[in-house]
Each structure stands twice: as structure tokens, then as C-alpha cells.
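Working notes, beginning with the structure itself.
Values below: every heavy atom of this structure, side chains too, minus hydrogens, waters and symmetry copies. Quick caveat, the model's predicted, so the values are computed rather than measured.
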Amino acid sequence: MKELSKAYEAKKYEDAIYKRWEQSGFFDPDVCIKKRVSKKTAKPFSIVLPPPNVTGTLHMGHAVMLAVQDVMIRYHRMKGEITLWLPGTDHAAIATQTKVEKMIFDAEHKTRQDMGREAFLRRVEQFARESHDTIVNQCKKMGASLDWSREAFTLDDARTLAVRTMFKQMYDDGIIYRGDRIVNWDPVMQSNVSDDEIEWKEETTAFYYLKYGPFVIGTARPETKFGDKYIVMHPDDQRYKKYQHGQKLEADWLNGKITATIVKDKAADMAFGTGVMTITPWHDATDFDIALRHKLDREQIIDYNGKLLPIAGEFAGLDIVEARPKIIEKLKTRGLLETIDEKYVHRVATNYRGGGVIEPQIRKQWFIGVTREFQRGGKKVTLKKLMQAAVKNGDIEIIPDRFNKTYFHWIDNLRDWCISRQIWYGHRVPVWYRGNEVFCGVQSPKGAGWEQDPDTLDTWFSSGLWTFSTLGWPKKTKDLVAYHPTSVLETGYDILFFWVARMILMTTYALGKVPFQTVYLHGLVRDEQGRKMSKSLGNIIDPLDMISQFGTDATRLSLIVGNTPGNDMKLSEAKVAGFRNFTNKLWNVARFMLLNVKKPKVIIQRPQGKTLADKWILVRLTATIQEVTTRLEAYNFSLAGETLRRFTWDELADWYLEIAKVEGNKDRILNYILNTILKLWHPFMPFVTEAIWQEVYRGKTVLLGARWPEANTLTSAKKITQEFALMQSIVIGLRAIRSDYRIDPANKIPVLMNTRKQKKLLQTLSPVIRDLARTGEMTVATSVKRPVASVAFVVQTGVEVFVDLLGVVDKEKERMRLQKEIDTLAPYVASLEKKLSNEQFVTNAPSSVVDEQRRKLNETREKLSKIIAQQKSLS
RNA sequence: GGACGACUAGCUCAGCUGGUUAGAGCACUGCAUUCACAUUGCAGGGGUCACAAGUUCGAAUCUUGUGUCGUCCACCA
């Protein structure tokens with residue numbers, strides 16, 4: 001048997017292991033079925049990978065999602081389920097186009113308009129192709145066991161067919177419509193974006209009070225006010241009782257006299273300012289709604305480049321930012337400016353994709369009507385209702401469940417979804433026009449003279465189909481039947497609305513099914529101070545950097561342990577380093593076990609233990625298998641990892657292996673334990689476990705394809721645990737005294753034990769205790785005399801231990817040491833006595849609790865009295 | 001304005017449906033180095049569980065309120 005190197009070197013193994021996995025075919029469920037016995041009876045388990053942007057690079061957000069999903073996938077695969085993890089990338093229309101536009105402009109000083117649509121798109125596609133391999137290879141670096149044979153792209157042919165089919169179906173159902181509606185226009189990007197793509201930024205600006213006829217109106221945006229000719233007030237506002245709805249009046253305004261009309265509408269807030277406002281329906285969503293309600297005129301003031309139109313008179317052609325102070329000047333000279341509030345705080349809409357300030361505009365766009373009725377199973381339904389029902393009736397479970405509320409609240413406030421964009425990269429709206437004719441279809445219409453709609457679709461439209469478009473829809477493929485609905489969707493809570501909700505919308509509509517049964521939402525990875533990682537703060541922890549420094553397993557583990565659903569987590573390099581230490585510990589545990597085993601063998605059946613320690617470690621391992629399994633089933637990955645870590649380090653390495661050195665001859669049991677813990681750890685730390693597996697079993701099988709361990713609870717587990725705990729506390733007590741009294745490690749001092757009940761057990765265990773505590777001769781008896789120069793302590797069930805110091809004992813020091821013990825025990829005994837003398841407690845508390853307290857009281861009393869006796873005997 | 005989350009040892013967090021003498025990792029202190037591992041071992045110090053009131057025989061855990069921090073949502077011009 002070849003010896004393992006002293007330390008685990010992740011770099012030496014990882015890439016080769018990933019290749020080995022890919023060659024094994026186990027990533028592909030079809031191969032898995034063939035290679036393993038399980039077939040028809042096995043359950044399917046499927047996850048679609050939230051597709052990373054095709055032009056992106058791996059960041060901690062990706063790393064955490066890959067780690068969590070790979071834990072689930074590997075666990076279910078090992079359980080024997082037919083497990084599919086389907087990869088893909090997202091064309092991320094806006095992000096990618098913006099990136100390429102910038103690159104081209106920086107290098108060649110050309111805009112996309114300079115290049116033309118065709119040429120520009122060729123460049124974007126080329127970039128996406130080149131960039132694709134980067135992100136894919138980075139996913140592999142994380143050890144993700146994805147089935148690359150099924151890889152998809154949101155913009156490939158199969159997905160394009162799905163997108164067009166879906167669009168046409170919704171169009172035919174009247175759910176997709178085209179209309180003049182107010183949209184969020186980004187003048188910088190020259191496209192509109194959906195409501196969810198807006199980021200509100202708080203800003204302190206000046207707020208102007210202007211005279212408008214007999215009224216005073218307030219505005220933060222005087223540059224939009226040129227055309228204002230409606231005065232809106234609340235119908236119940238007593239101050240303006242004398243004005244009638246529809247009443248006309250003359251006002252002196254920016255460009256001279258204007259005829260204004262009174263509008264009574266509840267949208268006016270009586271408590272705000274003067275309670276009176278003028279409206280600009282073309283550039284404000286609220287105003288637009290008011291105008292819609294009362295069928296008012298709308299007029300465009302600002303063009304799509306953010307410049308003022310001729311209605312602004314002498315300001316026409318000016319950018320709104322430069323025009324504002326000039327307009328204020330004019331208002332002043334005309335005597336229309338009443339006052340200015342310089343510290344007005346309000347929120348400005350910006351494009352979250354780094355675009356400019358949003359200027360609402362009315363434009364003819366494509367929308368998905370979320371409240372439009374359509375037929376479904378003989379009933380009239382709406383998309384909103386379908387989305388609500390899927391979660392409300394329990395078809396989809398969201399973890400953590402508090403996000404249910406967030407989800408419902410979002411749906412309640414949901415407006416029609418604007419799906420058309422004026423950018424070029426993406427799915428073209430599948431609609432063609434010829435004169436007054438309109439054609440919507442999967443293929444372009446026959447005949448000449450048709451022109452296609454120039455707009456593209458919101459990237460989330462194609463992402464919304466992801467769970468089923470990746471499985472082959474609209475074709476009725478085997479995959480679609482086998483793996484849909486998918487089992488789990490795992491993603492960050494920050495895209496609950498963007499993506500999760502949209503998938504529910506699309507899937508319930510198109511398939512009448514939910515896209516997934518469980519949604520697991522992870523939190524954001526933040527820096528050690530809890531700040532978001534960002535380039536400008538320079539606090540980014542690069543997962544690839546962590547991998548190269550500490551290994552993939554350590555990086556993964558640091559993202560799993562201490563990470564709970566829906567909560568953000570803090571990450572530091574120190575944390576990753578800590579798990580690198582653990583990786584090495586596991587490696588060395590294996591190294592030790594191999595050195596102590598004659599021949600490595602795969603042992604799946606739990607062997608019988610001979611000694612107490614054997615039995616104990618088997619009890620603990622069995623409990624660990626059960627606990628880890630339960631935790632994983634409950635999506636409690638962090639606790640599963642901690643459970644395993646505790647077993648491996650605290651129980652196996654610190655106790656059992658040390659005892660194995662003394663007892664020896666443990667081939668069978670060591671083989672079994674090693675085999676089992678490698679399997680248990682594999683989902684969390686795939687590389688180091690596979691590396692050990694390959695070294696141990698000479699590459700005959702892959703751990704990736706091994707079966708998850710199972711074990712029935714052992715009988716007499718409780719007795720075994722108690723006896724072992726007694727042994728542990730004796731060892732710990734002895735070590736503490738050695739440490740306290742600075743006893744040289746080479747000094748093997750004699751120990752005597754007084755015990756009634758455990759004499760035989762302790763006699764059997766003395767060789768182990770002697771070795772672990774490094775003591776000398778050990779006497780166990782029912783009543784031994786305490787040596788003159790000795791110190792003592794008491795452990796469970798009244799076992800008294802005397803350590804013979806073979807010299808003079810510092811009586812004062814010993815008295816103090818015992819006193820300290822008395823000081824902690826005495827109040828405890830008192831509190832237990834008080835509790836048990838309380839009749840209310842004895843009658844109301846369950847008898848098991850009362851019994852337990854009694855037991856503790858007796859035990860502690862006995863211990864305390866012995867310690868007091870020891871203290872007395874000192875003098 | 002509404003909703004949600006967090007507040008437990010110096011730091012990061014466990015503590016499930018109320019009963020433990022409140023735990024872990026890191027950091028800290030002391031000791032230890034042929035014998036799997038110093039990316040280590042052994043022993044230790046450290047917490048009025050944010051605050052207040054309530055329910056209960058019993059509260060870190062349940063209820064209500066307060067505070068601090070954070071997140072999301074909302075058409076106040």
C-alpha cells in the first residue's frame with residue numbers, strides 16, 4: 001500500500017479528478033441508470049442550474065449556488081435516485097450588449113448605430129461564444145457535477161423555438177398585447193426596462209413651489225411642467241370646495257396664458273403641500289393613470305434622448321439637466337416662483353443595470369397582461385391567480401417560508417409586465433407587420449413585404465421558461481416527462497421576483513404545472529464586515545483565488561457551514577483557511593487509518609465491535625449517518641456539515657484513533673469507518689474524498705457513484721455511550737490535573753480509583769486510560785486508601801480518582817482547587833433542591849423531567865459530598 | 001408609510017415544537033514536537049442570551065411593546 005503524502009495538496013488532484021468524473025459518465029442520469037442496479041423504481045431528482053450570464057465570470061454568488069446545489073445533487077445521486085443537474089448559460093441581453101458596446105467603443109470609437117444591427121450582433125455573438133467557455137470551466141472548478149451533455153443556452157435554437165411558441169400562445173390567448181402605455185425609458189441605454197429592473201435611489205434636491213393661477217403647486221421637476229393644463233385636487237378637500245370638476249380657468253404660466261381644467265381625483269394627497277397639483281401624464285406613471293381615468297390629453301415634453309421638445313419654447317433642444325436652472329430663472333422673472341425647499345428628499349428611478357436616470361415615457365410596447373382573463377380547465381383565470389394559487393395551495397414550498405409573504409405581496413402590487421426592449425441582442429419579438437396586417441408566429445410569414453418588429457424580448461421572458469425549455473418543450477421529450485416539474489430550485493432571494501416568480505407564471509400558464517416543488521433561497525455572500533462585495537469597495541473575495549489558495553473543498557465548505565436559507569452570510573479568508581485545515585485533517589485521518597490497516601477493503605456491512613471503544617465509535621457513526629441524512633433531507637446543509645465535522649474531528653480523530661493505537665488490530669472496523677465517512681463527506685468535499693478513495697481503492701470505482709450509507713440504530717447504544725463517557729471524564733480529569741500541577745509528560749504517576757459499581761469496567765479500561773492520560777500504574781478497587789501526597793477528583797456515578805503525586809502536595813492549592821469545584825456544585829444542588837421542593841413543579845412538569853432532575857440531584861449531591869470529604873481530609 | 005429579518009462569549013454563528021449547570025469554530029492564555037496531522041495535540045479563561053412587561057411550576061426559546069442595525073415593497077406631485 002502506497003503511503004499518502006503528509007499534507008493534502010488540492011492542486012495536485014482536483015483537475016484530474018474532475019476529468020475522471022466526467023469520463024465515468026455518472027453526471028448523466030442515463031449512464032447512471034445503466035451502470036447501477038436501480039432502474040424503474042428509483043425516484044427522479046432534478047435541478048436546473050440558474051444559468052450564469054454567458055459573458056460573466058465566477059463570483060461568490062455563483063460559488064454558493066454551485067456548492068449548495070452540488071451537495072443536494074451528489075447526495076441524491078448517491079441515494080440511488082435518477083439525478084439530473086442541468087447546466088446552461090443566459091444571454092443576459094442588457095448586460096451583455098452593454099458590455100460589448102463599451103468594449104467596441106473603447107477600442108474603435110464606434111457605436112452600435114454606427115455598425116448597424118447585423119454587424120453589431122455578429123460581434124456580440126462572437127464575444128458570447130468566446131466568453132462561454134470561461135464561465136463553464138469555472139463552474140467545473142467548483143466541482144459541480146453537472147450533466148454537460150444537456151447544456152442549454154437561453155438563445156440557442158431549441159430555446160428560441162420555446163420562446164416563440166410561448167409568445168404566440170400568449171398572443172393568441174390575448175394575454176400578450178401591444179399598447180401605448182407609460183414605460184420606464186432609459187435615455188442612456190435607449191430602451192425601456194420593466195418595473196422590477198428599476199433601482200430607486202434616494203436623493204436630496206430642491207423642491208419648488210410655483211404659482212399656478214390661484215393655486216400654489218409643488219414640483220421637483222420644473223422642466224416637465226411646460227404643458228401642464230390640468231389641476232388635480234382631492235374631491236373631499238374642503239379648501240377647494242368651490243372648484244368644480246371640469247371647470248376651466250385661465251392661468252399665467254411659463255409660456256404665457258394657458259387654459260387649465262380642474263380635475264377631482266383621489267390620487268391627490270390632501271396632506272401633501274397645498275393639496276393641489278398639476279400633472280404631466282407623458283412623464284409620470286401616477287399622472288398617466290389619472291389621465292387614463294379622466295381621458296385627458298397627454299403631451300410629450302422630453303424626447304427620447306432626454307432633451308426638451310419645442311413645447312419648451314426657447315429651451316427646446318436643451319438637456320433637462322442644463323435646462324433646469326434656466327427655467328427656474330425664467331419662473332423667477334415671471335414672478336411664478338413662490339419658495340424653494342432646498343432639502344427635499346425623494347427617490348429617483350434608475351436602471352439597475354448601470355444605465356441612466358429613468359425618464360417615464362409613453363411608448364407603444366408589448367405587455368403581458370397579468371390580470372387578463374383566459375380559459376383554463378373550463379374556468380376563467382388570470383396569471384396573477386395562477387401564480388398565487390401555486391404557492392397558496394402548497395404545490396410549491398418556499399424555504400424559508402417567510403418569503404411566501406414577500407411573494408404574495410409582490411403579486412398583489414404587480415402591474416402588466418413590459419416585455420419588449422429596444423436593445424438588439426436577444427429574442428426578436430416574433431411579430432411581423434405589412435400595412436395594417438399583423439402576424440404573430442413561430443416562423444416568419446410567407447409572402448413579400450413583411451417587416452419584423454424591431455424590438456427584442458426581456459431576458460427574463462426566456463429565463464422564465466428555463467425549467468421546461470431546457471428539457472425540450474414544446475416537444476414532448478422523454479426528459480420533459482421524466483424530470484418536470486423539477487425537484488428543487490435553488491437560488492438567491494434577490495431574484496425571487498425577477499426569475500422565480502416569472503418561472504411560476506410561465507410554467508403554470510404553459511404546462512398547467514408548477515416548475516419546481518421546492519424553492520430554496522440562499523442569502524447574499526458579504527464581506528467580514530457585512531458589506532456587499534463590490535469592485536468600488538475593493539472587498540471582493542474571488543472564489544477562484546480561494547480555490548487556488550485553499551482548495552475547492554475548503555471553499556465549498558466555507559460557503560455551506562454557517563449558511564442558512566434566506567440569511568446573508570459573512571465570509572472571510574480566515575474562514576476558508578479554517579476549512580482548509582479541516583480538509584487536511586480528514587486527509588490525515590485517512591492516512592493514519594491506512595497505515596494501520598493491512599489491506600484496504602470496501603466494507604459496507606457494519607462490523608461488530610470488540611472493545612467498548614469499538615462499540616462506541618460504531619454507535620456514534622451510526623448516529624452520525626442518521627443525523628446527516630435527516631439534516632440533508634431537511635435542507636439543513638450547515639448542520640449536516642457540522643455534525644460530520646464533530647464526528648470526524650472530535651470523536652473519531654481525538655478519541656477513537658488514539659485508542660486504536662493502544663488496542664490495535666482493527667482492520668475491519670477501520671476499513672468500514674473510512675469507507676463510510678468518505679461517502680458521508682463526499683457531497684460536501686468531493687475532491688479530497690475522491691482523492692482518498694482513488695488512492696485507497698486504486699481507482700477501481702469512483703466515489704461519485706457510490707451508494708449513500710445506511711445503518712440501523714444499535715441496541716444498548718445508551719449503555720455504551722454512558723460507559724464511554726465515564727472513561728472520557730476520567731481521562732479528561734487526569735489530564736487537567738497533570739496540566740494544573742505541571743506534571744512532566746514523562747512522569748508516569750500512579751493513579752487509584754474508588755468505585756463500587758464500575759470496578760470491572762474500569763479495570764478493563766485501565767490500559768486505555770493510562771495511555772490517553774499518560775499515567776503510571778493504575779489501581780481500581782472498591783475501597784482504596786487515599787495516598788498521603790495525592791490530589792483527587794470525582795466523576796459520574798461516584799467514581800473517586802486519586803492521583804498520587806509521590807511527593808508533597810501543596811495543601812492550600814489543593815484546598816482551593818476543591819473549593820472552586822464546591823462553589824460551582826453547591827448552588828447547582830441548591831437550585832435543584834428548590835425546584836424539586838416546589839409542589840407546582842412536581843405536579844405540573846412531565847414525570848420524565850422530574851425524574852431527570854432527581855437523578856441529577858442525587859448524582860451531584862454524592863459528588864459534592866465526596867469532594868467536601870476530600871477537602872476535609874486535607875488537614 | 002407598510003412588511004420582513006437580525007440582535008446569544010472579542011469575532012462568526014448553533015441552540016427544532018419552552019425543562020441543558022447556555023454550546024461550537026476562530027481569536028486569547030498555559031503546556032506539549034520521533035511514533036497520522038503544527039494546516040497539530042492537551043488543558044483553560046471568557047456570556048445578567050439587546051431592553052421592558054407578560055404568560056407559565058419553569059423563558060435564550062412563547063406573547064406584547066421599545067431600541068439599534070439591515071433588507072424589501074409602496075403612484076405622495
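- Of the nucleotides present, B/G65 is the one that pairs with B/C51 by Watson-Crick or G-U wobble criteria, both distances under 3.5 Å.
- The A/Arg735 side chain lies nearest to B/A43 when the options are B/A77, B/C37, B/A43.
- Between the CG atom in A/Asp289 and the CD1 atom in A/Ile182 there is a gap of 8.0 Å [rounded to 0.5 Å].
- In this structure, A/Arg645 reaches the sugar-phosphate backbone alone: every heavy-atom distance under 4.0 Å involves primed, P, OP1 or OP2 atoms, never a base.
- Going from the P atom of B/A43 to that of B/C13 covers 28 Å, rounded to whole Å.
- Between the P atoms of B/U63 and B/U55, the separation comes to 15 Å (whole Å).
- Side-chain nitrogen and oxygen atoms of A/Thr280 include none within less than 4.0 Å of the OP1 or OP2 phosphate oxygen of B/A77.
- B/A14 and B/A22: their C1' atoms are spaced 11 Å apart (whole Å).
- Put simply, A/Asn581 has a side-chain N or O that comes within less than 4.0 Å of OP1 or OP2 on B/U40.
- Within 4.0 Å (heavy atoms only), A/Arg347 reaches at least one base atom of the nucleic acid.
- Close to B/C4, at under 4.0 Å from its OP1 or OP2, lies no side-chain N or O of A/Tyr493.
- Nearest-nucleotide positions on RNA chain B for A/Trp410 and A/His346 put A/Trp410 closer to the 5' end.
- The separation of B/A6 from B/A77, taken at their P atoms, amounts to 32 Å, rounded to a whole angstrom.
- Residue contacts for A/Leu639: at a heavy-atom cut-off of 4.0 Å it reaches the sugar-phosphate backbone alone, with no base atom in range.
- Counting non-hydrogen atoms under 4.0 angstrom, A/Leu832 reaches nothing in the nucleic acid.
- Nucleic acid contact class of A/Ala736 (heavy atoms, under 4.0 Å, all strands): sugar-phosphate only.
- Using C1' as the reference atom, B/G30 and B/C72 are 50 Å apart when rounded to the nearest Å.
- Residue contacts shown for A/Gly551 are absent, as no nucleic acid heavy atom lies under 4.0 Å away.
- Note on A/Arg580: every side-chain N or O is 4.0 Å or more away from OP1 and OP2 of B/U39.
- A sub-4.0 Å separation between OP1 or OP2 of B/C13 and a side-chain N or O of A/Lys570 is present.
- A/Pro827 comes within 4.0 angstrom of no nucleic acid atom, judged by non-hydrogen atoms across all strands.
- Taking atom P in both B/A60 and B/G19, one finds a spacing of 10 Å when rounded to whole Å.
- A/Tyr344 comes within contact range of the sugar-phosphate backbone alone, with a heavy-atom separation under 4.0 Å but no base atom that close.
- Ranking B/A36, B/C73, B/U20 by closeness to the A/Phe592 side chain, first place goes to B/A36.
- Within the 4.0 angstrom heavy-atom criterion, base atoms lie near A/Ala268.
- Atom CZ in A/Phe582 sits roughly 14 Å away from atom C1' in B/U40 (whole-Å rounding).
- Searching all strands for a Watson-Crick or G-U wobble partner of B/C57 with both distances below 3.5 Å returns B/G19.
- The side chain of A/Lys661 contributes an N or O atom lying less than 4.0 Å from OP1 or OP2 of B/A36.
- Outside the 6.0 Å centre-distance limit, the rings of A/Tyr13 and A/Phe687 are not counted as a close aromatic pair.
- Taking atom CD of residue A/Glu223 and atom C1' of nucleotide B/A77, one finds them 13 Å apart after rounding to whole Å.
- Rounding to whole angstrom units, CG of residue A/Asp401 and P of B/A3 are separated by 18 Å.
- In this structure, the NZ atom of A/Lys585 is 11 Å from the P atom of B/A36, given to the nearest Å.
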Trace of the ring-ring contact (aromatic ring centres under 6.0 Å, His included) decision for A/Tyr344 with A/His346
CA-CA 6 Å; A/Tyr344 179 69; A/His346 74 149; 5.4 Å; yes

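- A cation-pi contact, defined as under 6.0 Å to the ring centre and within 45° of the axis, links A/Lys813 to A/Tyr741.
- With A/Phe215 as the fixed residue, the side chain to side chain contact (heavy atoms under 4.5 Å, CB included) test singles out one of A/Leu210, A/Thr278, A/Thr274, A/Ile231: A/Ile231.
- In this entry the distance linking CZ of A/Arg742 with P of B/A43 reads 15 Å, nearest Å.
- Spacing between atom CH2 of A/Trp200 and atom P of B/C72 amounts to 14 Å, rounded to whole angstrom units.
- Shown here, B/G1 forms a base pair with B/C73; the pair counts as Watson-Crick or G-U wobble because both key distances fall under 3.5 Å.
- Contact annotation: A/Asn844 side-chain N/O to B/C57 OP1/OP2 distance is under 4.0 Å.
- No engagement by A/Ser831 is indicated, since no non-hydrogen atom pair under 4.0 Å with the nucleic acid exists.
- Below 30°, between 30° and 60°, or above 60°: for A/Phe272 and A/Phe207 the angle between ring planes is above 60°, a perpendicular geometry.
- Across all strands shown, B/C26 pairs with B/G10; the Watson-Crick or G-U wobble distances both stay below 3.5 Å.
- Across the strands present, B/C31 finds its partner in B/G41; the criterion is a Watson-Crick or G-U wobble pair with both atom distances under 3.5 angstrom.
- B/U71 and B/A52 have their P atoms separated by 28 Å, given to the nearest Å.
- Figure legend: A/Arg646 and A/Trp681 shown without cation-pi pairing, the cationic atom not lying both under 6.0 angstrom from the six-membered ring centre and within 45 degrees of its axis.
- For A/Tyr520 and A/His522, the ring centers are positioned 6.0 Å apart or more.
- If you check the side chains of A/His234 and A/Asp265, you find no donor sitting under 3.5 Å from an acceptor.
- A/Ala653 comes within 4.0 angstrom of a nucleotide base, judged by non-hydrogen atoms across all strands.
- For B/G41, one of the phosphate oxygens OP1 or OP2 lies less than 4.0 angstrom from a side-chain nitrogen or oxygen of A/Trp649.
- Tested against A/Asp196 for a side-chain hydrogen bond (donor to acceptor under 3.5 Å, both in side chains), the candidates A/Trp499, A/Trp417, A/Tyr352, A/Trp410 yield a single pass: A/Trp410.
- Between the side chain of A/Lys405 and the base of B/C4, no donor-acceptor pair under 3.5 Å is found.
- Base engagement by A/Glu658 is indicated by at least one non-hydrogen atom pair under 4.0 Å involving a base atom.
- When heavy atoms are screened at a 4.0 angstrom cut-off, A/Asp654 is found touching the sugar-phosphate backbone but no base atom.
- Following rounding to the nearest Å, A/Ile495 (CD1) and B/C72 (C1') show an atom-to-atom distance of 15 Å.
- Going from the P atom of B/G41 to that of B/C35 covers 14 Å, rounded to whole Å.
- Side-chain atoms of A/Thr406 lie closest to B/C72 of the nucleotides B/A77, B/G30, B/C72.
- Residue A/Trp587 contributes atom CH2, which lies 14 Å from atom P of B/C37 at whole-angstrom precision.
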